[in-house]
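A quick write-up on the structure given underneath.
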Amino acid sequence: MKMRGFLLMLSLQLLAVGSAVAQTAEKTPLSLNGVWQMCFYRSSSPDMAGELRTSNSLKILSDDGRFTNIVMMPQGAIIIGEGTYELTSSKSFTETVEKNIHLPQLEGKKNVLEFEMRDKNIMVVKYYLDKDANGNHIDSWCYETWKRVSMPDEYPVNIIR
C-alpha cells in the first residue's frame with residue numbers, strides 16, 4: 001500500500017512539473033524582429049497553391065520598434081514605407097505609418113496587421129483596407145506571406161553582388 005501511495009505521489013509531481021514546463025514554454029515572448037522577405041505561391045495548376053517563391057520586397061522589423069518596407073529594383077533599392085510597430089497581441093501587431101508611397105492612404109494612421117506563424121520563419125499577415133489611395137471605398141482584406149531572412153552557415157558560392 002505504501003508503494004502504491006508513493007507511485008501516485010510521484011506521478012502527480014511529474015504531472016505538475018510537466019504542466020509548469022509547458023506553461024513556461026507557452027509564455028516565451030514572440031519576436032518578429034528581423035528581416036522578412038515577401039513571398040508568393042506559384043503553381044502550374046489552378047487546383048493547388050504551388051511552391052513558395054520569394055519576391056523583391058523586404059520588411060525590416062527592428063528591435064527598437066521601427067519598420068521599413070523596401071523594394072529591390074534593377075536601378076537600386078527604394079524605401080516604400082516606414083514608421084513604428086508594436087506587438088499588440090500574440091496574433092497581431094500595429095504599424096503606425098509615417099510615410100508610405102505604396103499605400104499613401106495609411107500615412108498618419110495605425111494599421112493593425114493580424115498574423116499567423118506557419119513556423120518560426122513563415123508568417124502570413126492580413127490587414128484591412130477601407131479605401132484606396134484616391135479615397136474610393138474598397139472594403140478589402142489583404143493577405144501577404146513573409147519569410148524570415150536568415151544567415152547561412154557559409155558564404156554562398158553562387159551569390160550575385
Side-chain angles (χ1 to χ4, degrees), residues 22-161:
Q23 287 178 3
T24 302
E26 289 174 12
K27 291 182 182 178
T28 302
L30 176 66
S31 174
L32 300 178
N33 298 349
V35 179
W36 295 85
Q37 187 168 20
M38 186 183 280
C39 299
F40 58 92
Y41 288 92
R42 178 167 288 167
S43 176
S44 58
S45 169
D47 300 328
M48 56 191 266
E51 181 180 348
L52 190 63
R53 302 280 183 104
T54 56
S55 76
N56 59 345
S57 296
L58 300 171
K59 178 183 283 288
I60 300 169
L61 298 173
S62 63
D63 57 3
D64 66 353
R66 299 230 16 112
F67 79 89
T68 306
N69 293 338
I70 298 173
V71 174
M72 303 296 293
M73 298 173 38
Q75 59 271 41
I78 62 167
I79 295 173
I80 63 168
E82 61 187 358
T84 61
Y85 80 98
E86 178 184 6
L87 191 62
T88 47
S89 79
S90 63
K91 298 282 184 186
S92 67
F93 63 99
T94 300
E95 292 181 341
T96 301
V97 181
E98 294 169 1
K99 180 78 175 158
N100 192 313
I101 63 173
H102 175 238
L103 298 169
Q105 70 270 32
L106 296 178
E107 282 185 25
K109 295 194 171 105
K110 292 184 181 284
N111 187 30
V112 177
L113 296 96
E114 297 175 20
F115 68 91
E116 176 188 339
M117 300 302 294
R118 294 285 165 91
D119 64 32
K120 69 178 189 172
N121 294 318
I122 302 290
M123 175 173 59
V124 177
V125 172
K126 76 174 183 176
Y127 57 94
Y128 178 75
L129 289 177
D130 182 38
K131 298 179 180 178
D132 66 13
N134 298 320
N136 300 312
H137 186 70
I138 58 173
D139 187 30
S140 177
W141 283 93
C142 301
Y143 287 79
E144 299 172 346
T145 300
W146 296 87
K147 180 179 180 183
R148 191 185 300 267
V149 177
S150 61
M151 184 182 294
D153 294 331
E154 297 179 5
Y155 191 80
V157 294
N158 60 346
I159 197 165
I160 299 170
R161 291 183 60 154

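Heavy atoms only: backbone and side chains are in, while hydrogens, waters and symmetry mates are out. Note that the structure is a prediction, hence the values are computed from the model and not measured. Position 1 is the first residue of the sequence; numbering continues from there.
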Hey, mind stepping through Ile79 and Asn69 against side-chain contact (heavy atoms from CB on, under 4.5 Å) and telling me if it holds? CA-CA 6 Å; Ile79 295 173; Asn69 293 338; over 6 Å; no
Could you please spell out the steps behind the side-chain contact (heavy atoms from CB on, under 4.5 Å) verdict for Met38 and Glu144? CA-CA 7 Å; Met38 186 183 280; Glu144 299 172 346; 3.6 Å; yes
Salt-bridge contact Arg53-Glu51 (side-chain N to carboxylate O under 4.0 Å): yes
Rounded to the nearest 0.5 Å, what separation is found between the CZ atom of Phe67 and the OG1 atom of Thr84? 7.0 Å
What's the separation between atom CG in Leu103 and atom CG in Asp132, rounded to the nearest 0.5 Å? 10.0 Å
Determine the minimum heavy-atom distance between Val149 and Trp36, stating which atoms define it. CG2-C, 4.2 Å
Please step through salt bridge (charged side-chain N to carboxylate O under 4.0 Å, His left out) for the pair Lys91 and Glu116, ending with a clear verdict. CA-CA 6 Å; Lys91 298 282 184 186; Glu116 176 188 339; over 6 Å; no
Counting only heavy atoms from other residues, nucleotides and ligands, does the tally under 6.0 Å from CD of Glu154 exceed 12? no
Rounded to the nearest 0.5 angstrom, the CZ-OG distance for Arg148 and Ser150 is 9.5 Å
Establish, from distance only, whether the side-chain atoms of Asn111 and Tyr128 form a donor-acceptor pair under 3.5 Å. no
Worked check of side-chain contact (heavy atoms from CB on, under 4.5 Å) between Ile122 and Trp146: CA-CA 6 Å; Ile122 302 290; Trp146 296 87; over 6 Å; no
Roughly how far, to the nearest 0.5 Å, is CG of Leu129 from CD1 of Ile138? 4.5 Å
side-chain contact (heavy atoms from CB on, under 4.5 Å) between Glu114 and Trp141, intermediate numbers included: CA-CA 11 Å; Glu114 297 175 20; Trp141 283 93; 4.0 Å; yes
Salt bridge Glu98-Arg66, side-chain N to carboxylate O under 4.0 Å: yes
OG of Ser31 to CG of Leu87, rounded to nearest 0.5 Å, is 8.5 Å
Does some side-chain heavy atom of Lys59 sit less than 4.5 Å from a side-chain heavy atom of Val125? no
Could you please spell out the steps behind the side-chain hydrogen bond (donor to acceptor under 3.5 Å, both in side chains) verdict for Asp130 and His137? CA-CA 6 Å; Asp130 182 38; His137 186 70; 3.1 Å; yes
Distance-only side-chain donor-acceptor flag, Asn33 / Tyr85, under 3.5 Å: yes
If we ignore angles and hydrogens, is there a donor and acceptor under 3.5 Å between the side chains of Tyr127 and Glu95? no
Within-4.5 Å side-chain heavy-atom neighbours: Tyr41 and Thr145: yes
Shortest non-hydrogen separation from Gly50 to Ser43 and the atoms involved: CA-CB, 3.6 Å
Counting N and O atoms only, with roles assigned by atom type, does the side chain of Glu107 sit under 3.5 Å from a partner on the main chain of Asn100, one being a donor and the other an acceptor? yes
Gap separating the NZ atom of Lys110 from the OG1 atom of Thr88, nearest 0.5 angstrom: 10.0 Å
Quick check on Lys147: does its NZ atom have over 12 non-hydrogen neighbours (other residues, nucleotides or ligands) under 6.0 Å away? no
Are more than 12 heavy atoms, taken from residues, nucleotides or ligands other than Lys126, located less than 6.0 Å from that residue's NZ atom? yes
Has the side chain of Gln37 got a donor or acceptor atom that lies under 3.5 Å from a matching backbone atom of Ser55? yes
Asp153 atom CG: more than 12 heavy-atom contacts under 6.0 Å: no
Please report the closest heavy-atom contact between Ile78 and Met73, naming both atoms and the distance. CD1-SD, 3.6 Å
